[in-house]
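Remarks on the structure that follows.
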There are 2 protein chains.
Amino acid sequence: MSDIELDEELIDLAARYRDVLRHAVYLIRSLDANGELSTGQVATMNILALAPARVGDVARHAGIRVPSATEQVIKLEAAGLVERRADPDDARAVLVHLTDAGRTALATANRERNERIAGALAVLSEDERSAITAAIPAIAKLTNSLGA
Amino acid sequence: MSDIELDEELIDLAARYRDVLRHAVYLIRSLDANGELSTGQVATMNILALAPARVGDVARHAGIRVPSATEQVIKLEAAGLVERRADPDDARAVLVHLTDAGRTALATANRERNERIAGALAVLSEDERSAITAAIPAIAKLTNSLGA
DNA sequence: CCTAATAGTTAGGCTGCCTAACTGTCAAGA
DNA sequence: TCTTGACAGTTAGGCAGCCTAACTATTAGG
């Protein structure tokens with residue numbers, strides 16, 4: 001198999017994969033349409049669920065710029081879902097903490113979204129579910145490699 | 001295996017799948033960051049590449065509302081990438097056509113995006129690529145079932 | 001100390017999505 | 001024929017989320 005053939009195969013797979021991704025974006029959007037928290041808000045809170053984080057860390061993990069993260073944090077704070085506290089080690093920094101209300105809201109949001117996807121997974125055949133399970137690590141790796 | 005166990009497994013898979021999707025959204029965004037056309041613009045033009053379509057069809061295929069599709073079409077028209085023509089069969093309707101410039105721009109955009117993904121696919125192992133290939137139909141089915 | 005780097009906020013702007021209200025056209029029945 | 005409801009699309013207004021540029025406050029190195 002020549003290099004050119006290999007490239008064509010890869011590009012064909014890329015095109016099909018891209019098509020799937022495009023639909024996945026709609027899907028994510030539809031998952032969010034029902035709930036009260038947006039994708040970004042859930043993503044931000046999922047970061048904070050592990051540990052309090054600086055605004056800059058939130059931005060980096062979420063793949064957005066610092067001012068955008070500030071904006072998200074301000075909205076979440078207004079909703080009582082997070083708190084901004086001083087960082088004892090650095091007076092410039094702000095440590096964003098999840099509140100109890102935030103933890104509860106996050107758990108609900110995660111559960112709702114997961115259940116909705118689980119419901120759709122239940123409709124698939126066992127083989128189809130296995131195919132998805134088997135592909136998840138590769139997809140994650142692919143996504144990371146593209147993001148770099 | 002009880003129903004409850006089954007549900008827990010599904011929800012676990014759902015959570016992992018959702019995590020992958022979330023990253024995929026960043027990926028799509030990063031694919032768009034380089035090019036001159038946005039995701040929505042490429043999606044719209046890909047529809048029109050098959051055949052001229054009404055604004056309502058564009059909206060339906062793109063998963064957005066009609067006014068949003070009008071907006072997209074107006075911008076594409078201003079950029080010289082599409083044309084709006086009267087529908088000979090229905091004076092209410094507008095048929096959106098891709099221009100030659102649009103076709104060229106679309107081909108370039110598609111090629112760039114596909115090559116970028118192909119480059120990342122090339123880094124994966126053969127097994128990983130096979131896993132992704134095998135999962136694509138299932139993922140598409142899952143996405144459709146969630147979108148419905 | 002001064003100065004450059006760093007953390008975050010504020011200001012202003014853009015895109016893309018939405019709903020509501022409107023114009024113009026079609027089609028079906030009194 | 002004429003009216004009336006359905007339909008295609010546009011316009012108007014608003015909101016979320018992202019961006020860059022410019023600013024304040026703090027830290028740390030020379």
Side-chain angles (χ1 to χ4, degrees), chain A residues 22 25-45 47-48 52-79 81-97 147, chain B residues 22 25-45 47-48 52-79 81-97 147:
Chain A
R22 193 163 50 77
V25 172
Y26 302 155
L27 188 156
I28 286 278
R29 194 159 69 211
S30 82
L31 281 181
D32 295 330
N34 301 341
E36 311 192 345
L37 295 172
S38 70
T39 308
Q41 286 173 325
V42 172
T44 298
M45 293 172 74
I47 296 162
L48 300 176
R54 292 181 170 197
V55 172
D57 294 332
V58 169
R60 199 160 31 75
H61 278 107
I64 59 180
R65 302 288 176 177
V66 171
S68 307
T70 295
E71 195 177 313
Q72 293 283 357
V73 166
I74 286 173
K75 277 184 193 159
L76 288 171
E77 190 172 41
L81 302 175
V82 307
E83 274 176 15
R84 282 191 291 182
R85 300 189 202 153
D87 183 336
D89 298 334
D90 186 342
R92 293 169 301 178
V94 168
L95 276 181
V96 187
H97 293 251
Chain B
R22 193 163 50 77
V25 172
Y26 301 156
L27 188 156
I28 285 277
R29 195 160 66 210
S30 83
L31 280 182
D32 295 330
N34 302 340
E36 311 192 344
L37 296 171
S38 72
T39 309
Q41 286 173 325
V42 173
T44 298
M45 292 172 74
I47 296 160
L48 299 177
R54 293 180 169 199
V55 172
D57 293 331
V58 169
R60 196 159 35 75
H61 279 107
I64 59 179
R65 300 291 177 175
V66 171
S68 307
T70 295
E71 194 176 314
Q72 293 283 358
V73 167
I74 286 173
K75 277 184 191 159
L76 288 172
E77 189 172 41
L81 302 175
V82 307
E83 275 176 15
R84 284 190 289 182
R85 301 190 199 150
D87 183 336
D89 298 335
D90 187 341
R92 292 170 302 179
V94 167
L95 276 181
V96 186
H97 293 250

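Order of the sequence lines sets the chain letters (A, B, ...), proteins ahead of strands, with each chain counted from 1. Values below: all heavy atoms of this structure, side chains included; hydrogens, waters and symmetry mates excluded.
Here D/dT10 is the nucleotide among C/dT25, D/dT10, D/dA16 with the atom lying nearest to any side-chain atom of B/Arg84. Nearest nucleotide to the A/Gln72 side chain, out of D/dC18, D/dT10, C/dT10: D/dC18. With distances taken from any side-chain atom of B/Val94 to the nucleotides C/dT25, C/dT9, D/dT10, the minimum falls on D/dT10. Comparing D/dG17, C/dA7, C/dC26 by their nearest atom to the side chain of A/Ser38 picks out D/dG17. Proximity note for B/Lys75 (side chain, C-beta onward) versus C/dT15, D/dT27, C/dC17: the nearest is C/dT15.
Atom pair A/Asp90:CG and C/dG8:C1' shows a separation of 11 Å (rounding to whole Å applied). Summarising the geometry, the separation between CD1 on A/Ile64 and P on D/dA16 is reported as 15 Å, rounded to the nearest angstrom. Following rounding to the nearest Å, B/Gln41 (CD) and C/dC14 (P) show an atom-to-atom distance of 16 Å. Distance, A/Glu71 CD to C/dA11 C1': 11 Å, rounded to whole Å. Computed from coordinates, the B/Arg85 CZ to D/dG9 P distance equals 16 Å when rounded to whole Å. As a whole-Å value, the separation of B/Asp57 CG from D/dC7 P is 15 Å. Rounded to whole Å, the distance from CZ on A/Arg54 to C1' on C/dT9 is 16 Å. Between the CG atom of A/Asp89 and the C1' atom of D/dT26 there is a distance of 14 Å, rounded to whole Å.
Within 6.0 Å of the CZ atom in A/Arg60, the count of heavy atoms belonging to other residues, nucleotides or ligands exceeds 12.
Among the protein residues, B/Val66 comes within range of the nucleic acid bases, having at least one heavy atom under 4.0 Å from a base atom. Among the atoms of the strands shown, only primed sugar atoms or phosphate atoms (P, OP1, OP2) are found under 4.0 Å from some heavy atom of B/Gly56. Here B/Asp87 lies out of heavy-atom contact (under 4.0 Å) with every strand.
Between the CZ atom of B/Arg84 and the CG atom of B/Leu95 there is a distance of 12.0 Å, given to the nearest 0.5 Å.
At a cut-off of 3.5 angstrom, the base of C/dC18 holds no donor-acceptor pair with the side chain of B/Arg65. Taking only distance into account, the side chain of A/Arg92 never meets the base of D/dT27 through a donor-acceptor pair shorter than 3.5 Å.
The two residues B/Ala53 and B/Val58 come nearest to each other via the heavy atoms CB-CG2, 4.2 Å.
For B/Thr70 and D/dT10, the shortest distance from a side-chain N or O to OP1 or OP2 is below 4.0 Å.
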Criterion side chain to side chain contact (heavy atoms under 4.5 Å, CB included) on A/Val73 and A/Val82, from CA distance to verdict:
CA-CA 7 Å; A/Val73 166; A/Val82 307; 4.3 Å; yes
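Residues B/Leu81 and B/Leu37 meet the side-chain proximity criterion, which asks for heavy atoms closer than 4.5 Å.
Two residues, B/Pro67 and B/Ala93, neighbour DNA chain D, and the one matched to the more 5' nucleotide by heavy-atom proximity is B/Ala93.
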